[in-house]
Amino acid sequence: MEHIITPKVEYVKLLDRYGKESTIGTLYLTATHLIYVEQDNHTRKETWVLHHHISSVEKLSLTVSGCPLLIHCKTFQRLHLLLPRERDTQDVYQSLIRLCQPVSEDELYAFLYNPNQTEAERRDGWDLIDMATDFSRMGLPNEFWDISSINSSYELCSTYPSLLGIPKTATVATVTGSAKFRSRGRLPALSYYHKDTKAAVCRCSQPLSGLSSRCVEDEQMLKCINDANPHCPFIYVVDTRPKLNAMANRAAGKGYENEENYPNIRFHFQGIDNIHVMRSSLQKLLELCALRSPTMSDYLVGLESSGWLRHIKSVMDAGVFLAKAVCDEGASVLVHCSDGWDRTAQVCSLACVLLDPYYRTIKGLMVLIEREWISFGHKFNHRCGHLEGNPKEVSPVFTQFVECVWHLCEQFPCAFQFNESYLLIIHDHVYACQYGNFIGNCQREQQEMRLRERTFSLWPYLLQNQAEFQNPLYKRATHNTVLRPSTLPLHFKFWCGMYNRYDKGMQPRQSVVNTLLALTLRHTQEQKTMTELQRQLAVVDGILPGPIGTVSLPPDQNGCPRTTPTTSFGQSNGDCTSVSTCAGGKEDSGLEMSSQKEAEGSSATEHELQTKTDKPVSMVTQKEKVTESL
Amino acid sequence: MEFAELIKTPRVDGVVLHRPFLPTVEGTLCLTGHHLILSSRQDNTEELWLLHANIDAIEKRFIGSLGTIIVKCKDLRIIQLDIPGMEECLNIANSIEALSTLDSVSLMYPFFYRPMFEVIEDGWNLFLPEEAFKELESMTDEWRLSEVNKDFSICPSYPALVTVPKDIDDDSLCKAATFRHGGRFPVLSYYHKKNGMVIMRASQPLTGTSGRRCKEDEKLINATLRAGKRGYIIDTRTIAVAQQAKARGGGFEQEANYPQWRRIHKAIERTNILQESLIKIVEACNDHSNSMDRWLSKLEASNWQSQVKEILTTACLAAQCIDREGASVLVHGTEGTDSTLQVTSLAQIILEPACRTVRGFQALVEREWLQAGHPFQQRCAQSAYSNEKLRSEAPVFLLFLDCVWQILRQFPCSFQFNEHFLVMLFEHTYASQFGTFLGTTAAERVKLKLSQKTVSLWSWVNRPQELERFLNPLYEPNSLVIWPSVAPQSLLLWEGVFLRWNRSTKCLDEAYEEMVHIIEYNKELQLKVNSLRRQLAELETEDALPQTP
């Protein structure tokens, strides 16, 4: 709290994306949140922004109507506030700058947050996802693969998990030797085992081959991986980097495998760019998203020059390459990039989603993220900028993975158990630090911070609320095999629901998913009602003994109207700006129909979801209350 | 002329058909006067029936004696036929070329087509101007139905009956017509029940460089304004284009002469530019060798999405004037038969819930496009692949459908019809067994005796067994005005048309079926629960009876 100079500012204006005045309200700063409360006679609308979600705060130059403050969030929300006094603005600015960049881990929200769970519940929550279970689901250990605890004290590789899937034939000497020959000791280890073909996806970091070094143990290690797949005489080694980058690394004593030294490998580059390219690409994309009224050409040219979709396609292409190798050729694949914790994580996890329907379920995606990202040491602290640190370490690597999954959901609308909002809420929480899951850079750090004792796990919360993340169109039966997406450029589109998520006016005004979700929820109710009615009929008929006295009425006779009206679709009808701005002869004065604030009585379903039960996450996202004036 | 003269080889065996995402079919190729037919003569395999009128261009290639014809269709599909025998292949190719480019309307298939179904409700009589006027009369008495154009002499592209302000007599209409391009004097397009505001449409005024004026024209449009009210004139052209039009005798309304009106210029492109746009976007969609950058750059360069945005924006503007500003609107471009109709019809979709029903939309197409004189036959003579010199082809109506699809995507529960309905209309404007989109004007349709000699598309569509495919299972009548977003992020490429043949629809069809299933199941449950409740209630009253004294 010591960083909050002015906890409350009144008469603050919240401007819409066109910089036009929209509302007047009060701004509060709490230890964890920035809260903007807009209140007039009939409505009270609260916008809660977690400090951890703030990526930058800008003080714009003074205007006649006030002092503007522009807040950018990691969730791609933008708040444009106008404070009445310079003094307050400076205070708020300083507080936010400090609050959004905690210096030490102890300041992270997760260490304060308590969702009212007992210690037992906390423990069960952390035990919900367990790597050993996942290994056994894949069929490990088996005649070819072992689960090794060689890294249990993180001595072999400090950024790897304690349990590793290792070929049975690999000796301790081979494993340790190979680890020494790999960048940061990130040796080849099992990512995914494909039972049907006995092919494996393995991951590691780049070899320290330099211009001519070689390592017998590392060569042996790859041979062991090859031998572990009896059906295929070779393995693919996939370097996800562009060839040029990989070659540059050779000069620094790193590099890539020389096919001559490794028998039976087939080497491939995939050409995914590095974290710095991705960061600046996202920056360009976000600048595009923030344009006030771009023409279609501005937008398409900007989309192209941001390179964002090109990068997404490169990740997808690599994932598809892996899936095809495993599924069609029955070949094992070893994947690496430089350190093997960014591109490698993206590609391996995407391949898993393509190969195994389990990872397309709500629980399965958790398991996948837990394994490929958290335990294999994706540096969430650095990549998400949880703490004050080097801004060059920040990069939207995980965001890109989430987007790839979204593209698959679009191409295969019945293949996923979850819907878009599941991806969005996971993405929110990666940055929120409300739960302990995404804190730290690797498993060892997580243990050192004693996260399991001091914070709570996100996964149980998501499972409890899974009803709202269900994809009503999910049909597992017809999608129990590998997915074969098209990666033609024309099948990729801009993800408006992510990058312009808070520009509600740009989203479809009625949601098919929510409508269907409401229907499927009602199915369960109706089925219950039906059973109850049938029981009562049986009682009246005398087939079943009835309760003494009168027959009870159907339970919902007054609760649920007989001629049930179909669901409310939240018939908001959009809104439009006043025509007068563009009628004055100015031809192209920014007439945008999209500048809407929420139309009256907007999306009833959304409202219902938010008011139901206790929902700690509502602290994170924007919540909206419509209260009747008394 | 006999079609037989054009068909040297009516039949070839052993022809192989290749289509993207579908298995190849080997069979016998037959040419008839109007169709190319490929039949495998086996059970369970569908036959290909392709209207010659649907063929936009063909290419032939030879490898040895095996000929290949690539057939590019107006619905944007591309198929390949491998034909054994060079002579046969050449003959087939020549016949297709001749038969697909017949110029005479009376040789078109709709004049030969005999429906295999009984016409229960004749589409030709469904949407008569008299009926529409009756509805208007029930709301207001400020308008009348004029017969001034009954012999199509005042305005050849207008229907026989037009709705005009009550206080304006036919003589004034005749004079106003001489002041408007092609005689298209201002007429009523839409009456907004909520506040009595109207959309009118016309063509450009013939002011020329000398700044001519016409008292009757001024009086005519002023007659639509309530006392003290102002109106908006939306000129779909930029001010520069409108200025240039003066040199050719056209022009725009001068403020001085129309003081009660405020003019707004927009930038909807002319027809030849729209056609180029179509050609480019289709080319981009069919080229699968593109990198991401090249694809996005081609998409941008095609300008198709820009056209969609501009048209929708203009339509929103018109709708805003009516609903938000409470002001009447006059829309025109140059001829008043293209961009004008896009704007007036889309504004009605936004404003009027009835236009979002199947019948209402049909009535809109009939009223705002067919009777309003959009020259379908010229605009849809060629599509994106044709190598012929362009005449006046342009995807004006397709752009309108694209815009409707954009609104439908943003309001997926507010339309009674689905995307298939829009795609079907696109197909039938370019090639059809029905007479609905033949001819260029109402006058020409009368002359061709279409209503006697051909079947109306609506007669077929409105049969329950056909209609079922086109109904939106999510439809929930929405009585509100719906404002679509026109931000570039909100406007997507219409995959249902442009990527239709470049993707497998298996997964999308599956999703659609699942959606229908959920909704149907919901209805079923509802019925069951209600019937159980009734049964229970009945039993309870029966039980109760004996006890009552």
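So you know, we letter chains A, B, ... as the sequences are listed, proteins then strands, and number each from 1. Keep in mind that the numbers below use all heavy atoms, side chains included, and drop hydrogens, waters and symmetry copies. A quick note: this is a predicted structure, and the numbers were derived from the prediction, not measured.
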Any chance you could measure [X], atom [atom1], to [Y], atom [atom2], to the nearest 0.5 Å?
{"X": "A:His523", "Y": "B:Leu525", "atom1": "NE2", "atom2": "CG", "value": "5.5 Å"}
{"X": "A:Glu304", "Y": "B:Arg294", "atom1": "CD", "atom2": "CZ", "value": "10.0 Å"}
{"X": "A:Leu473", "Y": "B:Glu513", "atom1": "CG", "atom2": "CD", "value": "11.5 Å"}
{"X": "A:Gln510", "Y": "B:Leu474", "atom1": "CD", "atom2": "CG", "value": "9.0 Å"}
{"X": "A:Leu300", "Y": "B:Ser302", "atom1": "CG", "atom2": "OG", "value": "8.0 Å"}
{"X": "A:Met296", "Y": "B:Leu299", "atom1": "CE", "atom2": "CG", "value": "8.0 Å"}

- Would you indicate whether the side-chain heavy atoms of B:Met515 and A:Pro472 approach each other to under 4.5 Å? no
- Mind running side-chain contact (heavy atoms from CB on, under 4.5 Å) on A:Arg310 and B:Ser291 for me, showing each step along the way? CA-CA 8 Å; A:Arg310 174 164 39 98; B:Ser291 68; over 6 Å; no
- Item | Heavy-atom proximity to chain B below 4.5 Å, by part of A:Ser297 | both
- Message: Need one label for A:Leu309: side chain, backbone, both or neither, based on atoms under 4.5 Å from any heavy atom in chain B.
- Response: both
Under 4.5 Å from any heavy atom of chain A - which part of [X]:
{"X": "B:Phe498", "result": "neither"}
{"X": "B:Asn303", "result": "side chain"}
{"X": "B:Ile519", "result": "both"}
{"X": "B:Ile518", "result": "both"}

- Query: Top residue by heavy-atom pair count (under 4.5 Å) with chain B, among A:Leu516, A:Thr295, A:Leu490, A:Val301?
  - Reply: A:Leu490
- Task: Specify which of A:Lys493, A:Met530, A:Gln534, A:Gln411 makes the most heavy-atom pairs with chain B at under 4.5 Å.
- Result: A:Met530
- Query: Counting heavy-atom pairs under 4.5 Å to chain A, which of B:Pro412, B:Ala511, B:Ser289 comes out on top?
  - Reply: B:Pro412
- Of all of B:Ala319, B:Ser504, B:Ser306, B:Ala301, which one pairs up most often with chain A through heavy atoms under 4.5 Å apart? B:Ser306
- Query: Between B:Ile482 and A:Arg509, is a side-chain contact (heavy atoms from CB on, under 4.5 Å) present by the stated rule, with each step listed?
  - Reply: CA-CA 9 Å; B:Ile482 54 176; A:Arg509 284 331 190 91; over 6 Å; no
- Query: Going by atom types alone, do B:Glu495 and A:His491 pair a side-chain donor with an acceptor below 3.5 Å?
  - Reply: no
- Message: Could you go through B:Gln410 and A:Gln507, starting from their C-alpha distance and side-chain angles, then the distance that decides it, and tell me whether this counts as side-chain contact (heavy atoms from CB on, under 4.5 Å)?
- Response: CA-CA 7 Å; B:Gln410 294 184 28; A:Gln507 316 297 333; over 6 Å; no
- Minimum heavy-atom separation for A:Leu288 to B:Gln489, with atom names? O-NE2, 4.4 Å
- Under 3.5 Å: donor-acceptor pair, side chain of B:Ser485, backbone of A:Met506: no
- Query: Could you go step by step and tell me if A:Thr529 and B:Arg533 meet the side-chain contact (heavy atoms from CB on, under 4.5 Å) rule?
  - Reply: CA-CA 10 Å; A:Thr529 313; B:Arg533 284 226 171 89; 3.4 Å; yes
